[in-house]
Amino acid sequence: MNWLRAPASQQAGVLAEMGWVLIIGATVLLLLTMVVLVLALRRRLPGPVRAWTVGAGIVFPTVLLSALLLYDVLRVEGLERPPTADPLVIGVTGHQWWWEVRYHDPASGRWIALANELHLPAGRPVQIGLTSADVIHSFWVPTLGGKMDTVPGRVNRLAITALAPGVHRGQCAEYCGTQHALMALHVVVDTPEDFDRWLAAQASAATPPADAVAERGRDAFLAHGCAACHALRGVAAGSELGPDLTHVGSRLWLGAGTVRNEPATLRRWIADIQGIKPGARMPSFKHLDAATLDALAAYLGQLR
Amino acid sequence: MTPLPTPAPFFAALLRGSLPLWLWALYFAFAYAGVAVGCRAGWQQASLPGGASPLRALLLVGSGLAVAAALLLVVRSLRRPATGGDDLLARVERIAAGLALIAIAWTAVPAMLLPLCQP
Amino acid sequence: MTSVAGAGPIEAPREGLPNSLPRPPGELERLRAAWWMPTGWRRFSAVNNTYIGVLYIGTAFVFLLLAGALALLMRAQLALPDGQLVSAGTYNQLFTMHGTVMMFLFAVPIVEAVAVYVLPGMLGARDLPFPRLSAYAYWAYAFGGFAFFATVFVGLAPDSGWFMYPPLSSRSYSPGLNADFWLLGIGFIEISAIAGAVELIIGILMTRAPGMTLARMPVYAWAMLIVGLMIVFAFPAIIAGTALLEMERAFDWPFFDANRGGDPLLWQHLFWFFGHPEVYIIFLPAAGMISSLVPAVAGTPLAGHRAIVAALMAVGFFSFALWAHHMFSAGLGSLSLSFVSAASLAVAVPAAMQIFSWIATIGRGRLRYDTQTLFLLGFLFTFVFGGLTGIMVAVLPFDWQVHDTYFVVAHFHYVLIGGVVFPLFAMIYHWLPLVGGQRLDERLGRWVFGLIFGGFHVAFFPMHIAGLLGMPRRIYTYPAGLGWEWPNLISTAGAFTLASGILLLTFDVVRMLRRPSKDHDDPWRAPTMEWIPNEDFATRSIPNVESRDPLWQRPSFVEEVVSGQHWLPGTVTGLRETIVTGARRADLRHLIILPGPGWLPLVAAFGTAAYFLLLTVKWVITAHAFGLVAIVCTIAWLWQTDRLPEATDAEVGRGVRIPIGAGGRASHSYWATVILVIVDMTIFASMAFAHIHVAMLGDTCPPLGAALPAALPLLVAGAGFVLSALLLGGCARPLATRAMSLSRALPWLTAAAALAVAAVFVLVQAHDAAGLAPRAQAWGATVAALLSYVGLHAVLIVLFAGYLVGRAGAGLLTPRQRASFDNCALLWWCGCAQGVLVAVLPHATAWAMR
């Protein structure tokens with residue numbers, strides 16, 4: 001129940017408060033109703049019948065639910081208030097079965113494309129613009145707030161003001177096809193200084209290969225058609241069919257939160273993605289020889 | 001054996017018993033469609049004297065009328081005697097009036113308190 | 001005192017019962033002969049409600065077991081993290097089919113089926129008002145449902161979730177036949193539901209036993225009446241929605257494609273406008289059953305009877321405002337969603353009214369702890385629990401966390417299993433003696449209840465936890481380390497326990513039904529009339545009702561009815577008959593003749609099912625051959641209707657005569673047609689809504705690239721429709737006093753039909769000339785959909801004209817026997833009205849959008 005016990009944003013805090021009110025309230029009401037039932041079973045129900053049909057049936061729920069409604073509407077009104085400071089705007093586009101993330105680079109003024117992992121500065125209001133490139137998905141990071149669907153043809157908005165640094169897991173929450181189950185994401189909340197540093201690094205072009213193995217990996221990337229789907233800024237313009245890999249080495253997880261980003265798993269992902277996430281749009285590259293796979297993994301792993 | 005029942009106008013009774021709920025349905029449709037149409041047409045821009053928007057004014061006036069009408073129906077239903085041949089109908093009318101008043105009042109709360117359209 | 005039609009209120013004989021003893025010799029034998037049940041394989045041609053009802057209930061129960069088996073596979077897959085039992089693709093088919101079969105092939109059919117079986121007896125009628133319609137609805141459901149389920153075995157089952165959201169369910173993302181099977185499979189359920197609604201509304205309002213005023217009508221009947229009315233307004237939205245999605249998939253008309261001006265949310269609005277009332281359509285019958293059960297097991301009349309009736313009506317209304325609470329995370333705007341949230345809270349009040357009325361009834365009675373009582377108590381706990389989680393998810397911010405997680409899965413299983421299945425199981429224990437006289441085993445019943453109640457909570461309570469821990473719905477597996485392992489493992493154990501309880505119940509039911517039939521001798525001393533001993537003809541005489549609890553009111557009541565001292569203890573015409581009474585006071589009105597066994601409904605149902613299924617697999621020619629069979633059978637069946645016997649009135653009691661048959665607005669078939677007209681107009685309204693919704697999405701109306709048709713042809717078309725309607729009305733004028741001749745019918749009806757068809761042509765031409773391109777833009781597609789719907793009505797109008805000409809030619813259209821004309825006319829006028837509306841709508845919408 002992490003979003004109930006450890007809400008990590010302003011909005012999640014409100015949702016957690018409401019969640020506890022509802023859980024405790026519902027439990028109390030269930031117990032009260034069962035007490036009444038037990039009294040009735042033991043033929044010890046006090047009062048005239050009308051006290052129950054009208055009193056318990058109409059008056060009591062009306063009073064209680066009126067209070068609940070007022071509480072609910074006031075809290076919603078608070079959540080809808082525009083941010084006090086200038087929000088950071090991030091674009092997220094849902095794909096089958098990964099998340100395209102776009103940040104605005106203040107230095108160059110361009111929008112840069114990332115994938116599957118967001119970073120947020122603690123304490124600053126963030127506005128995420130959500131849409132979809134194919135079917136309806138839903139962006140949901142429980143500890144940072146509620147969910148919002150990504151609907152093709154619409155831009156929905158989600159406001160998050162993260163409170164303190166940490167790492168949060170999210171998962172697609174609208175059934176979107178074969179691999180809906182393996183469409184997670186991670187959100188890293190940084191201190192404002194760490195965030196600026198991260199954004200500047202992400203905005204830069206791909207790290208050049210540091211050694212011969214990595215260089216072989218870069219050549220393999222170009223030779224085996226990876227750029228048909230994946231972009232590597234400064235190396236291959238690529239296309240937007242698949243996640244941007246310019247800084248894939250900096251991410252905590254791979255494959256939309258499916259496996260941890262470690263050298264062995266990265267290699268296995270390239271070689272046998274269909275074994276890990278069957279039905280994903282990327283084919284397995286089993287046919288490549290071991291040395292090539294090692295090189296590719298080494299190259300991509302150092303793209304921080 | 002008691003005498004056979006006499007014919008009685010059915011639709012009139014049906015309408016009488018359910019009228020408060022039709023009022024609620026009308027008000028709900030008005031509120032929901034009003035917001036949909038009003039936001040599309042830009043009526044949420046404040047343009048009335050006092051800084052209110054035409055859409056908010058529309059919602060408030062409509063809600064006020066609906067609540068007043070619902071109260072009227074409650075009062076009317078209490079005036080009818082609940083015994084005799086029309087026993088069930090009178091009681092149903094009363095309860096329906098009460099439930100409709102509650103539902104209308106509850107729908108009016110967000111109409112007064114929440115921002116009108118998506119930014 | 002006697003009276004015939006039009007001479008004022010019919011009064012009873014002054015002293016005693018409607019009829020006296022001894023009954024004339026041979027009366028009972030003639031009654032039995034009129035209601036003969038065919039034997040052997042001919043039994044399948046039977047149409048009376050007890051036969052169809054048992055088949056219907058049994059078939060729905062089979063679907064419960066089948067869909068339950070799918071769930072067990074799902075639970076097995078989810079028991080452990082990174083499950084490998086089934087592939088992602090298979091799992092996605094499993095959960096889609098589980099939901100679809102449970103909601104469409106089990107839940108709605110079984111509540112209709114129970115009503116088909118029990119309601120006429122409870123109301124004192126001999127049968128439902130349209131036995132062949134029920135038979136047709138059942139067989140279409142059975143053939144279509146099993147064929148649809150078979151797709152599981154060939155990997156063609158739909159896999160986009162039971163609510164099939166586009167674009168996932170559109171052709172681009174679901175290119176196979178799977179989604180088409182879902183769409184066309186739903187068609188059967190739509191037919192059955194509408195037919196069921198007609199039976200319920202007409203049966204409850206027009207065929208109650210004399211003296212059963214609305215105030216004396218059992219709460220179960222009130223619940224079914226409201227359910228029937230809800231079906232009339234809710235199902236058309238999904239009929240329209242599924243039609244649009246199929247047109248998108250088949251013709252590439254982009255209603256839901258955002259790239260071409262469409263909107264995926266349009267589907268969600270249409271689906272859930274049906275979908276939310278649908279769950280109350282499923283729940284209200286169960287609430288009605290509980291209102292029947294509690295007095296019987298507590299031995300005291302229902303407390304708050306009138307309040308419960310009001311509460312049922314309020315639920316019926318409020319449920320139509322809840323649709324968007326399934327869309328709380330779709331981005332519609334907090335104000336609009338808060339209206340829906342407020343309505344979702346409002347619906348909790350009438351629910352609470354019923355619960356406390358039931359508890360108060362228990363409180364003043366003396367409860368007998370039979371198995372049905374255990375299920376009743378299980379229902380009270382589980383449904384209140386589910387209702388409370390329902391209030392929780394009605395709160396917008398809370399739903400933003402738990403929507404589309406296992407918390408919601410837990411919520412709806414609590415209200416559906418707790419709120420519907422538990423009452424159903426209670427009623428199986430309570431009402432099974434009606435079927436063969438046997439009671440289920442009480443000792444086994446304790447085990448059944450324990451396994452089911454215990455298994456259910458062990459299975460579904462942990463899902464609340466899993467959902468609050470962040471586990472989304474519809475995932476074929478989950479990783480270890482998130483804390484989801486224990487809730488899932490426990491759930492799986494509970495699911496298998498629940499299944500074992502249901503299997504034990506099934507075993508006991510089958511065992512008891514195989515025992516030889518005997519009289520039930522009123523095991524529960526229940527107050528309502530379904531417990532009066534009966535045979536195929538229902539009760540020997542139609543009861544005269546003087547109380548809300550007739551069997552408790554007078555100890556001699558049952559004896560009187562069985563010995564034939566109440567109304568119509570035999571058959572006047574030698575055919576099957578029942579009495580039509582007034583809607584409010586159930587005063588005697590007239591006698592109606594009911595049909596006996598026949599093959600036409602079954603063959604027509606088979607043809608209908610085959611038509612839709614073969615179309616799905618694209619065997620177009622064979623499909624149309626079967627469609628033709630269905631149409632021919634339907635016409636033959638209709639040809640047999642609207643026939644009155646020679647006699648014009650009948651004696652139903654000492655000196656009390658009532659007319660046989662009635663025309664115009666007194667006819668029960670007229671009101672059935674009115675219901676169909678309302679369904680038709682609501683489908684039309686849903687399509688018009690689609691047009692308006694799409695129009696509002698664009699910057700201009702009509703959007704760039706599309707144009708409105710010229711005004712003149714639209715006026716001409718409108719005039720054509722109006723003229724067609726007027727000619728039809730004019731044709732009927734002499735029918736008030738003399739039979740309609742062929743020489744009158746042929747020219748008038750041909751002209752009227754030709755005008756309607758010509759009007760449609762002009763309409764289509766006008767749009768075509770303006771460059772209507774349904775594939776290019778959603779706006780054009782919605783116009784084309786409306787035109788297609790009007791075109792369908794034009795085809796129906798031609799069929800009506802031909803049929804009526806045929807009847808006139810055969811001399812069957814007379815002032816006394818004119819239902820065929822009146823009913824066709826209603827639908828014809830409906831089609832013309834829609835034609836006029838379609839002519840005007842695009843311009844009206846564009847004008848409003850300026």
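In what follows, every chain begins at residue 1, and chains take the letters A, B, ... in the order their sequences are listed. Computed from a prediction, not measured in an experiment: that's the story for all the values here.
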**Message:** Only heavy atoms, only distances under 4.5 angstrom. Which residues in residues 68-78 of chain B are near chain C?
**Reply:** none

**Prompt:** What residue, out of C/Ser334, C/Ala321, C/Ala314, C/Ala324, has the most heavy-atom pairs lying under 4.5 Å from chain B?
**Reply:** C/Ala321

**Prompt:** Between B/Ala96, B/Ala31, B/Pro20, which shows the greatest number of heavy-atom pairs under 4.5 Å with chain C?
**Reply:** B/Ala31

**Item:** Options C/Gly698, C/Ala848, C/Pro350, ranked by heavy-atom pairs under 4.5 Å with chain B, top entry
**Value:** C/Gly698

**Request:** Below 4.5 Å from any heavy atom of chain C, which atoms of B/Leu59 appear? Answer side chain, backbone, both or neither.
**Result:** side chain

**Request:** Measure the shortest side-chain to side-chain distance between B/Phe28 and C/Phe320 over non-hydrogen atoms and say whether it is less than 4.5 angstrom.
**Result:** no

**Asked** What option among B/Ala25, B/Ala41, B/Ala29, B/Ser18 has the most heavy-atom pairs under 4.5 Å with chain C?
**Response** B/Ser18

**Part of C/Leu205 within contact of chain B (heavy atom distance under 4.5 Å)** = side chain

**Prompt:** Given a strict heavy-atom distance threshold of 4.5 Å, which part of C/Val347 is in contact with chain B: side chain, backbone, both, or neither?
**Reply:** neither

**Message:** Between B/Ile95 and C/Val309, is the side-chain contact (heavy atoms from CB on, under 4.5 Å) condition met? List the steps.
**Reply:** CA-CA 10 Å; B/Ile95 295 176; C/Val309 171; over 6 Å; no

**Prompt:** What about B/Tyr32 and C/Trp323, are their ring centers closer than 6.0 Å?
**Reply:** yes

**Request:** Can you sort out the partners of C/Asp399 under side chain to side chain donor-acceptor pair (under 3.5 Å), two or more places apart, ordered by chain and number?
**Result:** none

**Item:** Contacts of C/Arg548 that satisfy side chain to side chain donor-acceptor pair (under 3.5 Å) - sequence neighbours left out
**Value:** C/His305

**Atom group of B/Trp22 that falls short of 4.5 Å from chain C, counting heavy atoms** = both

**Complete:** Closest heavy-atom pair, C/Ser336 versus B/Val35, reported as atoms and distance to 0.1 Å, is OG-CG1, 3.5 Å

**Asked** Atom CG of B/Asp87 and atom OG1 of C/Thr213: how far apart are they, to the nearest 0.5 Å?
**Response** 9.5 Å

**Prompt:** When only heavy atoms count and the cut-off is under 4.5 Å, which of residues 104-111 of chain B reach chain C?
**Reply:** B/Trp106, B/Thr107, B/Pro110, B/Ala111

**Prompt:** If every non-hydrogen atom of B/Leu99 is compared with every non-hydrogen atom of C/Phe318, which pair is closest and at what distance?
**Reply:** O-CZ, 3.8 Å

**Message:** Are the side chains of B/Leu89 and C/Arg584 in contact, using a 4.5 Å heavy-atom criterion?
**Reply:** yes

**Asked** Should C/Met696 and B/Val37 count as side-chain neighbours, where that means a heavy-atom distance under 4.5 Å?
**Response** yes

**Message:** Can you confirm whether or not the ring centre of C/Trp671 sits under 6.0 Å from the ring centre of B/Phe11?
**Reply:** yes

**Request:** Answer yes or no: is there a donor N or O on one side and an acceptor on the other, between the side chain of C/Arg306 and the main chain of B/Val92, under 3.5 Å?
**Result:** no

